[in-house]
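Here's the structure, in C-alpha cells; my notes come after.
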Amino acid sequence: MSQRVDYYNVAPDAMKIMMDMEKYTKKSTINRATRELIKIRVSQINGCAFCIDMHTSDARKMGETEQRIYCLNAWNECTFYTLEEKLALVLSEHITLIPNKRVPDDLYNRVREYYNEKQYVDLVLIINQINSWNRISIAMGNTAIEK
C-alpha cells in the first residue's frame, strides 16, 4: 500500500480511537456477513478502492460468494440477499448519502422491524465507521495494489 502520510504514526491517539471503535463494532450482534456487505457497499458509493479491495478480500475469506460480492452494487435487484441484509444496505446508502437521502421515519421503522434498538444503533455506528475509514483512506492517498 502506498499512502501520502503515515497517519498511524503521526496521530497514534486518534488511530487508537478508530481501532477501539472497530473492536466495538466487531462485538455487535450484527452478523459478520452483514457487516462486510455494509463495508463493501459504502466503499463502493464513496469510491474507496483500497477499502473495497480490503473488504471484498475479507468477505471471501469468511466464505462470502463471488455472486453476492459482484452484485452488491445492484443488491436491490437481487433475490439472494436476505431482507435483513437489504434493510442494512438501504440504511447504509441513506446514511452515506445523508445530504440527499436522510433517514426518513418509514426507513427507520422498516429497519426496526428486524433490528432492535441496540442493533439499530450498532448499524449506524458500523456505517459511520466505514464512512470514516473511506474518508481517511482517500484523503491519505491509500491505494489498492495488485496482489
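One is the number of the first residue; the rest follow in order along the sequence.
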Check the hydrophobic clustering (I, L, V, M, F, W, Y; side-chain heavy atoms under 4.5 Å; chains of links allowed) and say if [X] and [Y] are grouped together.
X	Y	result
Val111	Leu97	no
Met62	Met54	no
Met15	Val5	yes
Met140	Met19	yes
Ile38	Phe80	yes

Does a donor on one side chain sit under 3.5 Å from an acceptor on the other, for Gln44 and Asn73?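 Looking only at side-chain atoms, Asn73 and Gln44 do not form any donor-acceptor pair under 3.5 Å.
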Without hydrogens or angle criteria, can the side chains of Asn9 and Asp6 be said to hold a donor-acceptor pair below 3.5 Å?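 There is such a pair between these side chains.
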Close side-chain approach of [X] and [Y], heavy atoms under 4.5 Å:
X	Y	value
Leu89	Leu72	yes
Arg41	Ile130	no
Val90	Asn76	no
Tyr115	Ile30	yes
Gln119	Arg112	no
Arg135	Cys48	no
Met18	Ile136	yes
Met21	Ser132	no

Lys/Arg-Asp/Glu bridge criterion (N-O < 4.0 Å) met for Glu22, Lys39: yes
So does Glu64 pair up with Arg68, basic N to acidic O under 4.0 Å?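 Salt bridge present between Glu64 and Arg68.
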Between [atom1] of [X] and [atom2] of [Y], what distance do you get to the nearest 0.5 Å?
X	Y	atom1	atom2	result
Glu84	Thr34	CD	OG1	8.0 Å
Leu37	Arg32	CG	CZ	11.5 Å
Phe50	Ile138	CZ	CD1	11.5 Å
Ile69	Ile52	CD1	CD1	12.0 Å
Ile45	Thr96	CD1	OG1	5.0 Å
Arg4	Thr143	CZ	OG1	10.0 Å

Looking at [X] and [Y], what are the two nearest heavy atoms and their distance?
X	Y	answer
Ile95	Val103	CG1-CG2, 3.7 Å
His94	Pro104	ND1-CD, 3.8 Å
Ala88	Ser92	O-OG, 2.7 Å

Heavy-atom neighbours of [X] [atom1] exceed 12 at 6.0 Å:
X	atom1	result
Glu117	CD	no
Lys101	NZ	yes
Asp105	CG	no
Arg60	CZ	yes

Using the ring of each side chain (for Trp, its six-membered ring), is Tyr8 parallel, tilted or perpendicular to Trp133, with breaks at 30° and 60°?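 If you compare the ring of Tyr8 with that of Trp133, the planes turn out parallel.
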Apply side chain to side chain contact (heavy atoms under 4.5 Å, CB included) to the pair Ile40 and Trp75, showing each step before the final yes or no. CA-CA 12 Å; Ile40 295 165; Trp75 62 266; over 6 Å; no
Check whether any side-chain N or O of Asp53 sits under 3.5 Å from a backbone N or O of Ala49 as a donor-acceptor pair, and report yes or no.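 Side chain of Asp53 to backbone of Ala49, a donor-acceptor pair under 3.5 Å: no, none is there.
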Kindly say whether Glu36 contributes a backbone atom to a donor-acceptor pair with the side chain of His55 at under 3.5 angstrom? no
Ser28 pairs by side-chain contact (heavy atoms from CB on, under 4.5 Å) with which of Asp122, Leu123, Val121, Leu125?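 Among Asp122, Leu123, Val121, Leu125, the one meeting side-chain contact (heavy atoms from CB on, under 4.5 Å) with Ser28 is Asp122.
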